[in-house]
Structures are given as C-alpha cells and as structure tokens.
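In what follows, a structure is listed as structure tokens, so that the remarks can point back to it.
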2 protein chains.
Amino acid sequence: MALEHAILVSLLEKPGSGYELARRFERSIGYFWTATHQQIYRVLKRMENDGWVDARDVPQQGRPDKKEYSVADLGRAALSSWLHDPIEPESVRHDLAVKIRGAAFDDPAALIHEVERHRQAHRDRLTHYLAGQARDFTEPEPKPDPEPRPAAQPTGPQPPPDAERELQHAVLRGGIAYERMMIGWLDDVLATLARFGPDR
Amino acid sequence: MALEHAILVSLLEKPGSGYELARRFERSIGYFWTATHQQIYRVLKRMENDGWVDARDVPQQGRPDKKEYSVADLGRAALSSWLHDPIEPESVRHDLAVKIRGAAFDDPAALIHEVERHRQAHRDRLTHYLAGQARDFTEPEPKPDPEPRPAAQPTGPQPPPDAERELQHAVLRGGIAYERMMIGWLDDVLATLARFGPDR
DNA sequence: AGGCTCATGTAACATGTTACATGATTCC
DNA sequence: GGAATCATGTAACATGTTACATGAGCCT
C-alpha cells in the first residue's frame, strides 16, 4: 500500500499537521490519491510509532494547537526503498463502466443523466487542473529560489531543486490528460446511449 | 460498493460458477473491475443467502462439479435500483504518480526503468483490447441472433437485444482510450525524467 | 444563536489482500 | 512424475468507510 508513501511525499514537499494533510488529499495530492482524515490520523500515528515521522507541537493564536509532522530519516529511507521496489501496474475500477454494461439489462436511457453528471464533474476537474497549471507552471524559466532550501538533508542523493516542480507538473499533466480522455469517452457513451431511446 | 453489482451484470450476461467469474474478472470485466476468487466466493455466498442469485449444481465429466449461479428476481431488482442511484465520480489512485512525485526526493533517473515497465504493460493491454475489438466488434451489422433469447424475464423494461453488445463495445472503447492516454502520458513522464540524468 | 473552519480522535463495520488447504484430471 | 487447470473454500490481516464525539473561535 502506498498511503504511507503518499504521506511521506507530501510531508517532504511541506511538513504539516494531519488536518492539513487531509486538506491536501482533497486538492493537489488528491489528483491521484484520496484519503479521509480518519485514515490519515491512523496511519500517521503508526508512522510516528515506527519513527518514520517526527511530530512537534505548534501553538497557534485563535486556533487549536496542531501537531506538525515532518519526515524523519527512517521515513526517508522507507520511501527510498519503496521507490526502488517495482509495483504492479494497477487496473482501474470504474463503477460507471459497471453501470453502463448493466444498463443493457434495464433502461439504457435512464443512465443518460448519470453519465452527463459525471461528464460535468470531469469538466469541472479539468477546469480546476488547467487553472492550477496556469497559476503554478506558466513561468518560462523557473524563478530562482530567493530563499534557498533550509539545508540539504543528510541522507540519499539530491536531485536538482527544480525536479520537484517539474515532476509535480508532469503528474498534473497526467491528471489533465485523464480528464480529457474521460470527457471524450463519456461523449462517446452518451452518443451510444442515445441510440436506445426511451420507447424503442 | 459495486462488486456485487459487477457480479450481477456478469451473471446476467452469462450464468457461471464462482471460478468462471474469477476468470472473467481477469478478462473482459477486468477492464474496469478486479476481484480475486476469495472475494468472489465470499460475496457470492452472501448474495445467495440474500436471494439475489440462484445456485444449481452442474455435474461435469472429467472435472469437479461446479455451482452455476444465475441472477434471481431479487438480484435483478437490486441491480435496477443501484442503476437508478447516482454515484459519486471517483478519483483515481495512481501509485505510480506517488512515485513520480517522490522521485524528486530521491534519484529521478532510477525511476526510468519502472516507468518503462508500466508503459510496456499498458501497451500490452492496449494490444489485447484492440485484438478483442477486432474479434468481437468488427461485423458492420450485428449478426441476427440465430437462437433467440430463452425468454423475456418477467421484471423490468427490456431494451433491444443489441444494446448489450453495443454497451460492451462502448466500455471497451473506454479501456482503449484509457490505455492510449496512459502510454502518451508515460512518454511525457519519461521525457521529463530524462532531463534529470544520473550525474546532474 | 447557529453554522462554518480548524483540529484531533474513537469505534464499528465493510472491503480487499495474502497465505494456506484440498483434490481431481489433463498435458508433457 | 510433475506441472497446470478446474473448482471451492478458510483464516488472518490490512485497508478503507461511515458514524459519532469534542471543543475553541469566527462570522452573520
């Protein structure tokens, strides 16, 4: 499983509390992974016990204190080892595809609204991703980091600092490609469903 | 959850044993849903208890007997009701995307082989889908069913008989679009990774 | 006063994965 | 004789989901 690893990556990109992680999993990380706060708190506790992350209490004004987590050496090593382990290419799970094949035994036309809803959701996500891309990845030259990184971590190899940004962009382009593909396919499905009108 | 519904759809398309279902989940149904035989046996047992499916012992020559399941009226009703319930558009989970973002904190070039492996797996699947499409969906006219369906089931509306085939094809086209998208994206990722060579 | 956001959690349950177990037949 | 396929299952464990719980402060 990779929830732990997704958390490690997110904390390496920026330390934060369980709550903040949960929010990120609704946004940028959520492009390719989802998790609820219950899951995150549970896993985070285990990771703390295993020494993968360090926690530090951060008092705040006007807000409850938070525990800010950051990646410990053991966590960094665990991530590195996972990165070097091959994983099986997963197959997708599409509830909607089950519905589409199931519609043949019910009323195909009744599915049109559902498919249109999904199409709209994918359009919305695409719009959101494109906005994010325009916001974060339009500068022709990556701006020279005005404040250099705190310090090079002691462990492991150190890729150039803009690798982080470039690879985030590559993943975002994947999200964009996925949403575009889905919109196109759902149009195809709608055209197919339309051929089985309500009274045929 | 939709494993039960995926099983119902598969059994409506053709009755079969748990073992046969498990095989189908590695093939056609597996395009959009996966399940191991353990899961299938467990769920199938529950479905039988709930009266969603009927089981019938089929003795075979040279092979162990099998329990052939078929969809009962209650199961058909359950499927129909699920089809009419809206579901949330799911977000994807891509281990590989976690790895790609994680590579920024390790050695990006070390990921190249892994990404190439995945690209190959998607190419293989695409080839397999295209072969299936050529095999099953090339006739310009759907062949007139020589042996008409056993009998119209008593429940629910009855779409035209080629709806099943057409909708299966639409789902397969989705699989094809997905694999093509992934291959294109992984090429993009490879080009990005290549910019962070082993000795930069 | 009521609802929202920030912040962290417990408990129960549903699903999914991995390992193990059995036994017949067919193919090499 | 050994491996693969057909066929069905149990048990233990890991993950993921849903519901519930608490409490401070901010906004209207």
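Any value given below was found using the heavy atoms of this structure, including those in side chains, with hydrogens, waters and symmetry copies removed. Just so it is clear: chains get the letters A, B, ... in the order the sequence lines come, proteins before strands, and each one is counted from 1.
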Degree of bending in the helix from C/dA1-D/dT28 to C/dC28-D/dG1 once both end axes are built from five pairs, to 10°:
30°
Return yes if the base of D/dT15 and the side-chain atoms of A/Arg46 contain a donor-acceptor N/O pair under 3.5 Å, otherwise no.
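Side chain to base: no pair below 3.5 Å.
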Polar pair under 3.5 Å, donor/acceptor by atom type, side chain B/Arg93, base D/dG16
no
Using a cut-off of strictly less than 4.0 Å between a heavy atom of the residue and any atom of DNA chain C, enumerate the qualifying residues of residues 58-66 of chain B by number.
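The stretch gives B/Gly62, B/Pro64 as the residues lying under 4.0 Å from the strand, ordered by number.
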Using atom types as modelled, flag every donor-acceptor pair under 3.5 Å from a side chain in residues 16-23 of chain A to any protein atom, sequence neighbours excluded.
unit_1: A/Ser17; atom_1: OG; unit_2: A/Tyr19; atom_2: N; d: 3.4
unit_1: A/Ser17; atom_1: OG; unit_2: A/Glu20; atom_2: N; d: 3.1
unit_1: A/Glu20; atom_1: OE1; unit_2: A/Ser17; atom_2: N; d: 2.9
unit_1: A/Glu20; atom_1: OE2; unit_2: A/Lys66; atom_2: NZ; d: 2.7

Distances under 3.5 Å only, N/O to N/O: pair up the protein atoms with those of nucleotides 19-21 of chain C.
unit_1: C/dA19; atom_1: N6; unit_2: B/Gln38; atom_2: NE2; d: 3.0

Apply ring pair (Phe, Tyr, Trp, His ring centres under 6.0 Å) to [X] and list each qualifying residue two or more places apart in sequence or on a separate chain.
X: B/Tyr69; result: none
X: B/His94; result: none
X: B/Phe32; result: none

All side chain to side chain contact (heavy atoms under 4.5 Å, CB included) counterparts of [X], not counting sequence neighbours:
X: A/Thr127; value: A/Arg123
X: A/Gln38; value: A/Thr36
X: B/Ala121; value: A/Pro89

May I have all residue pairs that pass side chain to side chain donor-acceptor pair (under 3.5 Å) and include part of residues 48-63 of chain A, sequence neighbours excluded?
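For residues 48-63 of chain A, and leaving out neighbouring residues, the side chain to side chain donor-acceptor pair (under 3.5 Å) pairs sorted by first residue read A/Arg56-A/Glu68.
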Can you work out whether B/Val43 or A/Glu20 has the more 5'-proximal nearest nucleotide on DNA chain C?
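The residue mapped nearer the 5' terminus is A/Glu20.
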Between side-chain atoms of residues 171-180 of chain A and protein atoms elsewhere (two or more places apart, or another chain), which donor-acceptor pairs fall under 3.5 Å?
unit_1: A/Arg173; atom_1: NE; unit_2: B/Asp188; atom_2: OD1; d: 3.4
unit_1: A/Arg173; atom_1: NE; unit_2: B/Asp188; atom_2: OD2; d: 2.7
unit_1: A/Arg173; atom_1: NH1; unit_2: A/His169; atom_2: ND1; d: 3.4
unit_1: A/Arg173; atom_1: NH2; unit_2: B/Asp188; atom_2: OD1; d: 2.8
unit_1: A/Arg173; atom_1: NH2; unit_2: B/Thr192; atom_2: OG1; d: 3.1
unit_1: A/Glu179; atom_1: OE1; unit_2: A/His122; atom_2: ND1; d: 2.5

